[in-house]
Every structure is written in structure tokens, then in C-alpha cells.
Amino acid sequence: MLQVVWFKRDLRWHDHAPLARAARTGPVLALYVDEPDVEGSSDRSQQHRGFVDECLEELDVALRARGNRLVRMAGHMPDVLEHLFALSSGFTLWSHEETGNAVTFARDRRVARWCRDRGIAWNEVPQHGVVRGLRDRDGWAVRWDARMSEPQIAVPDAIARWRTDDTLQRALSTAPSEARATVHPDKAERQRGGRARGVALLESFLADRMTDYRAGMSSPVTGAEACSRLSAHFAYGSVSIREAAQAAWLRRSELLQPGARRDASILLQALKAFESRLHWHCHFMQKLETEPEIEWRNMHRGHDGLRVEGAHPDRLGAWCEGRTGYPMVDACMRMLATTGWLNFRMRAMVTSFASYHLWLHWRDSGLHLAREFLDYEPGIHWSQCQMQSGTTGINTLRIYNPVKQAIDHDPDGHFVRRWVPELSRVSTPGLFEPWKLSPSDQRSAGCVIGRDYPMPIVDPATAVREARERMWSVRKNPAAADEALAVFRRHGSRNPSREAGTVRRRGTARKTSKGTFQQDLDFGEPPLQGG
DNA sequence: AGTGCAGTTGACTTT
DNA sequence: TAAAGTCAACTGCAC
């Protein structure tokens, strides 16, 4: 019987269990579907499609080398399945489990219903460390280690083809809607997709590039080279988390051999940081798997109504376009618009800035970032948006100071001047707070603040203080502590050894002397996006 | 040599 | 993955 392998965010052939198992069972139709509701989703942009296209091209080549091919169709998934059903005498559907957004979750439920109605078996196989059907985090870390330790799935040498697939391609393939292409166009300077590039990044990172990982990842100047840059490949599955984890373990054992290179200890530290990010990658995705509502609803409901969706459209627009009047923030937003990438610390800073300084709802800033991040991964993204906005209730408020971040991570101002050329002739101490420049300094730098570069759109002296007061008014509410405990049970990390830093009390739920909930329960290193 | 003192550093607390 | 503040210990130096 026909085996339909449905590719989604798993655009690879190596370590692909559904493909391997289907190939052992019968003739295979390798299918990718351009779905109008997925493509039209408000978190989707043209650059995502571009990266996917590049992955699919390579996937097709790899399948042809094994006697098969990729069939790409367009339409709503139940309609596509109905066509396949009419053309075949029934089939088995294979795919990886997906932890997606509300649109793909609803689509999956429609697919499941269609399969049930038609008597079609749908075999969904887990990929990476996300566990379906969990209600809390007890035992999660052990299961992650077990998943990552399982052998990688070998590519079948030959994948038998279904005779009718040519007919099908002609009958069903239509050009997918390009309606959004002009609204959120592709980025010429974004990272390119395809498994070959992903594998090359993994190899170059583990071989040598990771020397600069820990020292270079936090700065926007060095981050683009120092970071692994695998995040988009993980998001679209052109490289599996498991193959990355096992490659890292192999590299570690090499570096532990006697006579390893002189800088082995630096590389081992980098490896440890990298492995820990692979863990956190799944840890954050698991939050959305366990509670899909966190895509649009506050994780800690005590924060409902604190910020209003759609409020301050002028501030949102200025933030999106990089004209807030805060040079470090604007430089980051402009780099992101051009390249589709920003290192982790700067992502945290711009998100924090939108939520605290500008008091924007994380849904509004988060949707823009979802389209801007080439490596957008829903589970990581919405967890991070909420964490950087203080709405999880279980993390310390992390309100970033864009001036301090600039001084710490762009001390010479190269990054700011590159992306905010209006300020290119301003010298460093004043560069990060141009609203403080004297009229004569502005004149000599050829940049009048308020004319050539904006005045800050919110008052630097009061914006953060007001935000902090609003946040603490929620946290002081006694009911907030109970809700925070419930959030921790659902989502908090249980593994104290995973928690970075060992000085403070971490990883256990307890009340502080003042009766507020112990902060920082879920403290962790950043997941891989931007790291 | 020991003391006083301004300035620095680091651990820890508060928001 | 924060930032700002407190406080005690420490340092270098003048006397």
C-alpha cells in the first residue's frame, strides 16, 4: 500500500524516522504542501518561504538519488488528502509530530479527523526532545537525554516510488499564493537554506568556529560569526537536534583524548554551552506543546489587562522600523530587518524594550519579530516573548538598559554607527545617548537630534520606573503567588544541575520571606535562537 | 610601623 | 539572558 510521507518542519532525509519506516513498508509519496492558511498566517513572511524552498530543492535531489522525488502541492491539507485518497486505493500517512502555532495545530486536528473518517492510519513520530501529552515537567530532562541518545535513523538506500506521482503533480500542483510577498518581502542578506549548508555549519562550528563561541556570542559585533547559526536549520529541520547533539558528544570525546589541541579546554567549555542550548531549545518548545494557549494568552493570568493589544501603534511602528531614538535598539531593529538574524542578547534587549520602555503588548511586538526572525520557532518564540515581558510570573524581571548594553557589548560604537549612519560622526561616550548631546556637539557631528535622528519616543528618565511600578503592583497581589506556583509546576525546569550559576537558590519552588514567589525558578541559558 | 581614609571590589539584596 | 543599590572587606597611600 502507498505510504505518504508528509514533510513539514523536518526538511531532511537523514535521521528522518517517518521516511525510513515508510520506505520499509511500501512505495513512498514524499509530499510537501503549501497551505494557504499556513502561508497567510500573521507570523509568516516571505523569507521563511525562501528558506523552505532552498531546503526542498535539496530534499528533492536527495530523494531522486534514491529513486524517488519530492511532490509539492498546494491546497488545504484535507483537500489534498482527499485527492490522494481518490487516486489511490488508500494509504498510510507518516509525519513528525509538530509543535506549531494555532493555525497548524487546528490543521493537524482537521487532518486527524479526516484520517479517522476515512479509516486512514496517521503515524506521527516524535522528533527532538518534545514530549507529547505531558501535563507537567516531572521527569522531562531524563526523557530528553534518552531521546538524544537513541541512534540516528539511517537514510534508506532506495525509496520505492509510487507510479502515479507524475500524474498527481500535474493535476494538483498550483502556484502557492504570493499575496504576502510584497508585504513582508524576502531578505537578500538572510541566511540561505538547505541541508548541505546546515551540515557545513555544524561541522565548521564543532571543528574550529566554537573557539569564539562563549566570548563572542553576546556582542552584536562578533555574534554573527561566533554563534553556531544553526537555528534556522533546526527550525525547518534541515539538521536534526539529535544529530547535532551526537556530533557534539563525539567532538567532546575527541577533545578529551590525550594530546588534544592546546585550546581544548576552551573548546570543551564552548561544547558544554552549545549542548546546554540544545537542551533549552526543546525545553522552551515543550512549553507550547504543553500549553498551546501561551501563543496568545499570558502564561500567568494575573498579568491580563496589564498591557493592551493594539495600543500605541505609533510606538510599535517606530520600534519596528528602528527609529525609537535609542541608538542601540534602532541599530538592532535595522540589522534584523536587513538580515533576519540578531544574537540572543540583543533579541532579549529589543523585546524587553518594547514591553517595558514602550509598554507594548508582547503579541504586537512578538508578531513582528516572528516575521523578522528567519529562525522563528513558535514554541521558543512565544515562551521567550512572555519571559522577556514578565508575564510568566516565575522569572525575575529583566529590564534591559539599552545604554548599558551598548557600553558593554559595542564599546567602540562600530555596530551602532554601521546600522544608524545618521550617527556615524558622533563619538563614543555620547553616541549611545544622543538626546544628551549639546547643540554644538550635534552640529559638529552633522546630526541634529529631533531632525536627523529622532528624540527618544519615550522619556528615558521615567519610562522604566513606571513600567517597574506597574509590574510590581501585579506581583504584590497575594493571589499572584499561587498562580506562579501553578505556572512553575507546568513549565518550570526541574533539573538544578541545568540551571546556570549555583550561588542562588534555584530550581525549587518556595516562598520568600516577603511572601512573594521565589523568583528565577526557570532561569536558564538562552535557547539556540540567536545563540 | 601602624592608622586613617578614600576608592575599589565583590557578594548579596531589592526592585 | 537585568540593573541598581547596599555593605563589608580589601587596597593603596599619605602621614
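Worth saying up front: this structure is predicted, and the values here are computed from it rather than measured. Lettering follows sequence order; numbering is per chain, from 1.
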Interatomic distance, [X] [atom1] vs [N] [atom2] [rounded to whole Å]:
| X | N | atom1 | atom2 | answer |
| --- | --- | --- | --- | --- |
| L397(A) | dT14(B) | CG | C1' | 11 Å |
| I394(A) | dT1(C) | CD1 | P | 17 Å |
| W472(A) | dT15(B) | CH2 | P | 8 Å |
| H409(A) | dA2(C) | NE2 | P | 8 Å |
| M471(A) | dA2(C) | CE | C1' | 13 Å |
| D408(A) | dT1(C) | CG | P | 13 Å |
| R465(A) | dG5(C) | CZ | P | 13 Å |
| R347(A) | dT1(C) | CZ | P | 17 Å |

Considering only [options], which nucleotide approaches the side chain of [X] most closely?
| X | options | result |
| --- | --- | --- |
| K404(A) | dT15(B), dT1(C), dA4(C) | dA4(C) |
| R468(A) | dT1(C), dA3(C), dT15(B) | dT15(B) |
| N401(A) | dA3(C), dT15(B), dT1(C) | dA3(C) |

Under 3.5 Å, is there a donor-acceptor pair between the T392(A) and H300(A) side chains?
->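 The answer is no; no qualifying pair exists.
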
Side-chain N,O (Q405(A)) to OP1/OP2 (dA3(C)) below 4.0 Å =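 Looking at the OP1 and OP2 atoms of dA3(C), one of them is under 4.0 Å from a side-chain N or O of Q405(A).
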
Salt bridge flag under 4.0 Å for residues E203(A) and R209(A) |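 Salt bridge flag = no for R209(A) with E203(A).
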
Identify whether any heavy atom of Q388(A) sits under 4.0 Å from a base atom; if not, whether one sits that close to sugar-phosphate; answer base, sugar-phosphate or nothing.
->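 Base contact - Q388(A) has a heavy atom under 4.0 Å of at least one base atom.
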
Between F373(A) and R347(A), is there a cation-pi geometry (under 6.0 Å to ring centre, at most 45° from the normal)?
->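 The answer is yes; both the distance and angle limits are met.
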
Going by the salt bridge (charged side-chain N to carboxylate O under 4.0 Å, His left out) test, name the single residue among R490(A), R301(A), R489(A) that passes it with E291(A).
->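 For E291(A), the salt bridge (charged side-chain N to carboxylate O under 4.0 Å, His left out) test succeeds with only one of R490(A), R301(A), R489(A), which is R490(A).
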
